[in-house]
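We count residues from 1, following the sequence as given.
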Amino acid sequence: MTTDLIKKEEKKTKIPKEISQEILKKIFHNLLRAIGVMFYFILLNLAYSTIKQERLLGDIEVFAGVFLVIGMFFLEKAYKKDSGSIAITGIEFLFLSLHSLSIMHIITLFQYHFQFYLLTSSYLFSIYYVLKAIILYTKGRRDYLKSLSDISEIVKKEEPIKKEAKKRKQEEIKSKEEKIEKKQQHQEPKKKSQKRGKKK
């Protein structure tokens, strides 16, 4: 008995394949972005040791401009579709653009080493994307379980309403039948009295 109950509970909490695939797709996209950001910082680290500083500054500005355009595109798309997740993606790209532009300024101001600063930045961005993936998974699971509980509540609420409606209909039919019977009973004595009057 207890094993059957446990199995039933597991079935209830299990997310269907379609919904789980959607959640996994979102997580996969976020992990890809994390890999992309890390790859970008690794490229800048490699460029620092091989390219001149002036050219590196120019390259960073180009990357920042590209991220800014991508961020603006996503924000516009989010506004048209009224999507919060797309808006977050746009904000992420804008933040990456601002971070890229501020790299050299922060290094000179706080006297950080370029490669160390980029390494810590890549770690912070990757941690953010991993945390976001975890939040997306838990949120997706919670929303699905909430939708299940909402369905059961709606079914419970609708059942008494249907019963009440059936009772009302039955009562209305009975009252109509009673009215018809009363009319027939009143009409029958009148007809009889009319017939007696004619016979006289």
Side-chain angles (χ1 to χ4, degrees), residues 9-51 55-107 110 112-154:
E9 281 178 20
E10 279 177 1
K11 279 181 182 179
K12 282 180 184 178
T13 53
K14 261 190 180 179
I15 302 168
K17 273 188 178 180
E18 291 173 6
I19 296 159
S20 63
Q21 279 175 352
E22 280 178 29
I23 296 161
L24 286 168
K25 200 184 275 184
K26 284 178 182 178
I27 291 162
F28 181 69
H29 284 303
N30 277 289
L31 290 171
L32 273 176
R33 281 178 205 146
I35 292 158
V37 169
M38 284 192 84
F39 184 70
Y40 164 66
F41 286 124
I42 288 161
L43 271 173
L44 289 178
N45 260 326
L46 289 167
Y48 180 76
S49 56
T50 53
I51 300 166
R55 195 183 165 186
L56 183 65
L57 272 165
D59 289 343
I60 290 165
E61 282 172 7
V62 168
F63 276 116
V66 169
F67 293 138
L68 185 71
V69 170
I70 293 163
M72 293 298 284
F73 168 76
F74 273 110
L75 285 171
E76 198 176 322
K77 198 178 178 183
Y79 179 74
K80 283 176 183 176
K81 289 187 175 181
D82 195 29
S83 174
S85 59
I86 296 167
I88 289 162
T89 306
I91 291 159
E92 284 166 2
F93 275 105
L94 287 173
F95 185 77
L96 190 61
S97 172
L98 287 166
H99 181 270
S100 298
L101 287 168
S102 65
I103 287 168
M104 298 310 289
H105 179 71
I106 288 163
I107 285 162
F110 296 103
Y112 289 132
H113 191 265
F114 183 85
Q115 287 175 321
F116 175 75
Y117 179 71
L118 286 186
L119 192 72
T120 50
S121 296
S122 67
Y123 286 143
L124 286 167
F125 271 97
S126 59
I127 288 161
Y128 162 76
Y129 279 112
V130 167
L131 283 169
K132 193 186 170 187
I134 293 160
I135 290 159
L136 282 167
Y137 177 76
T138 50
K139 192 180 179 289
R141 193 178 171 82
R142 198 187 297 154
D143 289 344
Y144 171 71
L145 293 168
K146 202 177 181 182
S147 70
L148 281 177
S149 64
D150 288 346
I151 289 159
S152 62
E153 279 174 19
I154 290 159

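Applying the salt bridge (charged side-chain N to carboxylate O under 4.0 Å, His left out) rule to pairs touching residues 64-80 yields E76-K80, sequence neighbours excluded. Counting only residues at least two apart or in different chains, salt bridge (charged side-chain N to carboxylate O under 4.0 Å, His left out) contacts with residues 32-44 comprise R33-E92. Contacts classified as ring-ring contact (aromatic ring centres under 6.0 Å, His included) and involving residues 24-43 (residues at least two apart or in different chains) are given here: Y40-F63, Y40-F67, F41-H99, F41-F125.
Annotation: ring-ring contact (aromatic ring centres under 6.0 Å, His included) contacts of Y123 (sequence neighbours excluded): none. The ring-ring contact (aromatic ring centres under 6.0 Å, His included) test applied to F73 returns no partner, not counting sequence neighbours. For V69, there are no side-chain contact (heavy atoms from CB on, under 4.5 Å) partners two or more places apart in sequence or in a different chain. Every side chain to side chain donor-acceptor pair (under 3.5 Å) that D143 has, sequence neighbours left out, goes to K139. For A64, the side-chain contact (heavy atoms from CB on, under 4.5 Å) criterion is met by S97, S100, L101, not counting sequence neighbours. Every residue two or more places apart in sequence or in another chain that forms a side-chain contact (heavy atoms from CB on, under 4.5 Å) with H113 is listed here: Q115, F116. Considering only residues two or more places apart in sequence or on other chains, L131 meets the side-chain contact (heavy atoms from CB on, under 4.5 Å) condition with I127.
Rounding to the nearest 0.5 Å places NZ of K132 at 9.5 Å from CD1 of I135. Atoms CZ and CG, from F74 and L94 in turn, are 11.0 Å apart once rounded to the nearest 0.5 Å. Taken to the nearest 0.5 Å, the CG atom of L31 stands 11.0 Å off from the OH atom of Y129. Going from atom CD1 of I106 over to atom OH of Y112 covers 8.5 Å, rounded to the nearest 0.5 Å. Taken to the nearest 0.5 Å, the CD1 atom of I23 stands 8.5 Å off from the CZ atom of R141. A distance of 5.5 Å separates CZ of F114 from CD1 of I103, quoted to the nearest 0.5 Å.
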Below 3.5 Å, can you tabulate the donor-acceptor pairs from side chains in residues 84-91 to any protein atom, sequence neighbours excluded?
unit_1	atom_1	unit_2	atom_2	d
S85	OG	S83	OG	3.2
T89	OG1	S85	O	3.0

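The nearest pair of heavy atoms linking M38 to S122 is CG-O, 4.0 Å.
Side chain of D82 to main chain of A78: no donor-acceptor pair is present (N/O by atom type, distance under 3.5 Å, no hydrogens or angles).
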| task | Applying side-chain contact (heavy atoms from CB on, under 4.5 Å), run through L56 and Y48 and close with a yes or a no. | result | CA-CA 7 Å; L56 183 65; Y48 180 76; 3.8 Å; yes
